[in-house]
Amino acid sequence: MDIILGYVTTILVFFFTYNIFTLGLNIQFGYTGILNFTVITFMAIGGYVAGVLAMPKAAAGSGIYYILGLNLPWPIAALGGVLAAGLLGYLIGQIALKRLRSDYLAIVTLATGTLLYGLIGNGTSIFDGWQGLFNVPQPFAGFRTWTPLGYSIFFTIMTGVLFVLLWLFANRIYKSPLGRVMRAVRDDQDVVEAFGKNTFKVRMTAMVIGSMYVGVGGVLTIAYITALSPAGWTTGETFVVWAALLVGGRGNNFGAIVGSFLVAVVFNEATRYLPQIPAHPNLIPDIRYVLIGLAVILSVYFRPQGMFPEKKNTFLEVPLGDSSKAIEEHLAGGLSKVGEQ
Amino acid sequence: MTMISKDPSAVAKVALEVDSLKKSFGGVAAVDGASFSVEKGTITGLIGPNGAGKSTMVNLISGALSPDSGHIRLDGQEIGGLEPHEIGARGLIRTFQISREYPDMTVMENLIVSASNQGEKLFNVCFRPSVGKKRDRELVERALHTLITFGLYPLRNEYARNLSGGQKRLLELSRAVMADPKVLLLDEPMAGVNPALIEKLGEHIVELNKDLGTTFVLVEHNLEIVEKICSKVIVVALGTTLAVGTMAELRKNKAVVEAYLGGDVRERVGS
Ligand SMILES: Nc1ncnc2c1ncn2[C@@H]1O[C@H](COP(=O)(O)OP(=O)(O)OP(=O)(O)O)[C@@H](O)[C@H]1O
Ligand SMILES: [Mg+2]
């Protein structure tokens with residue numbers, strides 16, 4: 001029983017964190033049309049910064065090196081991680097959103113991601129290079145004496161609550177006037193600009209919020225696994241998040257959830273039970289990538305809008321003042337036919 | 001051709017002024033010293049042969065391109081080189097030669113999102129969602145009225161991408177109305193539209209001009225409609241202003257006839 005519960009909690013944590021990544025990308029791409037091709041870098045920065053803020057100073061002579069080591073309480077360290085991810089989004093946005101069209105932006109994000117990957121991997125003194133951070137303190141671990149399972153359940157609930165809050169906030173943005181302008185920017189940036197709206201600011205807002213979302217996912221990832229190294233955030237991982245969003249339905253947060261479930265849970269778990277072939281230790285993860293790629297191809301071919309396409313937004317048309325009468329009069333006059341010709 | 005008047009009372013009447021404007025692309029001088037002015041509350045035509053530089057002028061005036069030299073003044077204030085959104089926010093709204101709707105948004109959303117001051121701030125999303133909701137109610141009301149006027153009411157919940165070419169033209173104009181423009185700069189709003197709808201669009205423009213006092217600058221190749229609704233017409237050729245006057249006057253102008261109103265065109269216009 002405990003084993004099953006432990007298994008379920010692990011899957012749930014994985015599912016919730018993936019959802020948070022996908023929501024962040026949805027705000028950037030699904031809402032605003034920003035092609036962020038380095039989603040996973042924001043997860044890494046969020047995770048690493050939260051990690052080094054929560055960890056004690058790197059012990060001299062231990063052969064382990066990392067910056068900061070401030071031993072901060074987890075909520076503050078977590079906030080720091082999220083802010084760091086947001087700051088990175090802001091910096092990339094300053095380079096990429098100001099002048100560049102979306103396809104160039106994609107290249108800039110990809111390049112920045114690769115650059116940071118090389119920098120962090122090789123720059124051993126930052127986050128301990130290729131070896132990465134480990135023994136990262138777990139949130140609220142000293143809060144009481146936890147049984148391992150008890151802690152897992154607690155962590156799952158905490159992650160779930162965070163996910164729900166972020167989901168609600170993402171929906172709130174979508175339905176707000178800001179979300180509407182974001183979608184207009186996605187559809188045609190030049191027109192929004194011509195209508196007197198600062199599209200750079202709108203895109204920057206989406207970029208930073210989305211990056212912070214992914215940062216939250218990163219903070220949770222490192223806290224749960226208690227370790228993070230570059231092997232865990234290769235460029236391929238970015239496209240897993242993209243796959244989740246494209247298969248689920250960009251622009252639709254429910255689609256984002258379904259896509260995360262498919263990609264992060266179903267494919268991950270299904271491939272886990274394939275027999276291991278000792279000579280090819282990478283076969284299983286590679287099969288997972290192949291399946292995900294296949295899902296994207298099938299989805300783009302048969303359901304280009306995703307399994308759950310963006311919903312049509314209608315407005316409450318309860319008339320104010322005399323408009324209902326006016327509408328009826330106009331319609332009686334047959335004017336409505338003009339547009340239908 | 002009339003030069004820009006230095007009389008202050010005349011300046012107050014000028015909505016838009018273009019002065020020795022130049023813009024080259026590599027070796028091509030697309031706009032080469034154009035000067036003209038548009039009086040407040042008028043419908044002014046901007047005509048000229050293909051490649052004369054009309055769209056480039058529209059792009060310069062609206063900030064999509066920045067001029068190499070020269071001045072553009074809106075209500076007497078220099079706007080040359082400003083960002084497009086700064087110019088849009090000052091009340092000069094432009095449309096595009098090829099219809100550019102927001103394809104994945106409904107007709108209604110296309111209109112509402114085009115209004116100014118929707119409360120589209122992150123602060124409001126976080127702390128004051130009621131601001132947006134309240135403003136939305138007003139905007140829905142206005143958008144419905146506008147859609148009725150333009151005959152798009154039955155299509156209000158249709159995705160804009162599904163509209164016909166003519167309906168997209170109507171949508172562009174009604175969307176522009178939602179922004180309360182002082183000056184509306186229309187780049188060939190009647191291109192690819194059937195004659196009945198051209199008539200209709202012309203009527204809408206005249207009506208908006210009368211009812212709201214919106215100043216119109218109309219780039220158009222259909223000279224019949226230009227003659228019908230424009231009180232003044234500016235002719236451009238090779239990037240400069242060739243002549244200014246009413247269509248009747250321009251038809252007597254030898255340079256204009258040679259540059260643009262060739263025989264066949266004259267026949268079409270019926271002079
Ligand atoms: N981005 C650009 N790069 C290079 N040349 C350009 C560019 N934009 C316009 N041109 C050139 O500038 C000249 C003026 O073009 P413009 O589009 O302004 O003409 P137009 O008067 O609007 O013509 P039409 O009536 O066909 O729309 C043309 O010779 C065109 O080829
Ligand atoms: Mg043109």
Side-chain angles (χ1 to χ4, degrees), chain A residues 33 169 172-202 205-206 208-209 250-251 305 309-310 312-324 326-331 333-341, chain B residues 62-64 83-91 93-96 100-106 108-110 112-114 116 118-122 124-126 129 132 135-138 140-141 143-145 147-155 157 159 164 166-167 170 175-176 179 196-197 200:
Chain A
F169 188 66
R172 187 148 152 180
I173 297 176
Y174 185 89
K175 289 193 190 119
S176 73
L178 176 66
R180 198 161 55 212
V181 175
M182 283 175 175
R183 287 183 293 126
V185 168
R186 170 196 72 190
D187 280 11
D188 197 327
Q189 191 186 336
D190 293 337
V191 177
V192 181
E193 185 80 17
F195 273 88
K197 300 188 197 305
N198 188 341
T199 56
F200 170 70
K201 220 165 122 187
V202 174
T205 307
V208 172
I209 295 175
R250 68 199 134 97
Q305 306 292 321
E310 187 171 12
K312 193 182 262 186
N313 296 287
T314 50
F315 292 86
L316 186 68
E317 289 175 24
V318 177
L320 303 167
D322 63 343
S323 71
S324 76
I327 289 169
E328 273 160 29
E329 276 167 16
H330 274 283
L331 291 180
L335 246 174
S336 62
K337 301 267 159 40
V338 179
E340 287 174 319
Q341 62 192 198
Chain B
S62 64
E83 294 283 320
H85 70 86
E86 293 173 312
I87 294 169
R90 289 180 188 210
I93 303 292
R94 61 86 57 98
T95 64
F96 294 82
R100 287 173 74 168
E101 72 289 352
Y102 302 123
D104 294 340
M105 297 172 84
T106 65
M108 191 76 176
E109 285 183 297
N110 265 264
I112 289 176
V113 81
S114 302
S116 48
Q118 295 169 56
E120 67 265 40
K121 290 198 174 72
L122 184 61
N124 289 341
V125 178
C126 299
R135 177 90 174 114
D136 270 14
R137 300 279 290 124
E138 298 163 17
V140 167
E141 179 97 356
L144 285 174
H145 280 289
L147 288 172
I148 289 166
T149 313
F150 283 83
L152 292 171
Y153 179 78
L155 294 166
N157 288 328
Y159 282 118
S164 74
Q167 289 164 343
L170 284 167
R175 190 171 64 178
L197 193 53
K200 193 96 216 150

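Only heavy atoms go into these numbers, but all of them, side chains included; no hydrogens, no water, no symmetry mates. In the text below, chain A, chain B and the rest are named by the order of the sequence lines, each starting its count at 1.
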Tell me, out of G179(A), S176(A), A194(A), who's got the most heavy-atom pairs with chain B below 4.5 Å. A194(A)

The salt bridge (charged side-chain N to carboxylate O under 4.0 Å, His left out) partners of R90(B) (sequence neighbours excluded) come to none

Checking the side chain of K312(A) only, and the main-chain atoms of T106(B) only, is there a donor and an acceptor separated by less than 3.5 Å? no

Can you tell me which portion of R175(B) sits under 4.5 Å from chain A's heavy atoms? Options are side chain, backbone, both or neither. both

Any V192(A) side-chain heavy atom under 4.5 Å of Y102(B) side chain: yes

I87(B), part contacting chain A, at a heavy-atom distance under 4.5 Å: neither

Please list, chain by chain and in numerical order, all residues satisfying salt bridge (charged side-chain N to carboxylate O under 4.0 Å, His left out) with R183(A), sequence neighbours excluded. E310(A), E109(B)

By a 4.5 Å heavy-atom criterion (distance strictly below it), what part of F200(A) contacts chain B: side chain, backbone, both, or neither? neither

Value rounded to 0.5 Å, distance of CZ in R186(A) from CG in D104(B): 5.5 Å

Begin with the C-alpha distance, continue with both residues' side-chain angles, and end with the deciding distance and a verdict on side-chain contact (heavy atoms from CB on, under 4.5 Å) for E120(B) and M182(A). CA-CA 9 Å; E120(B) 67 265 40; M182(A) 283 175 175; over 6 Å; no

Is it the backbone or the side chain of V140(B) that comes under 4.5 Å from a heavy atom of chain A, or both, or neither? side chain

Measure the spacing between SG of C126(B) and CD1 of I209(A) and express it to the nearest 0.5 Å. 7.0 Å

With a 4.5 angstrom heavy-atom cut-off, could you sort out which part of D136(B) is near chain A: side chain, backbone, both or neither? side chain

Among S62(B), P129(B), A64(B), S116(B), residue most engaged with chain A (heavy-atom pairs, under 4.5 Å): P129(B)

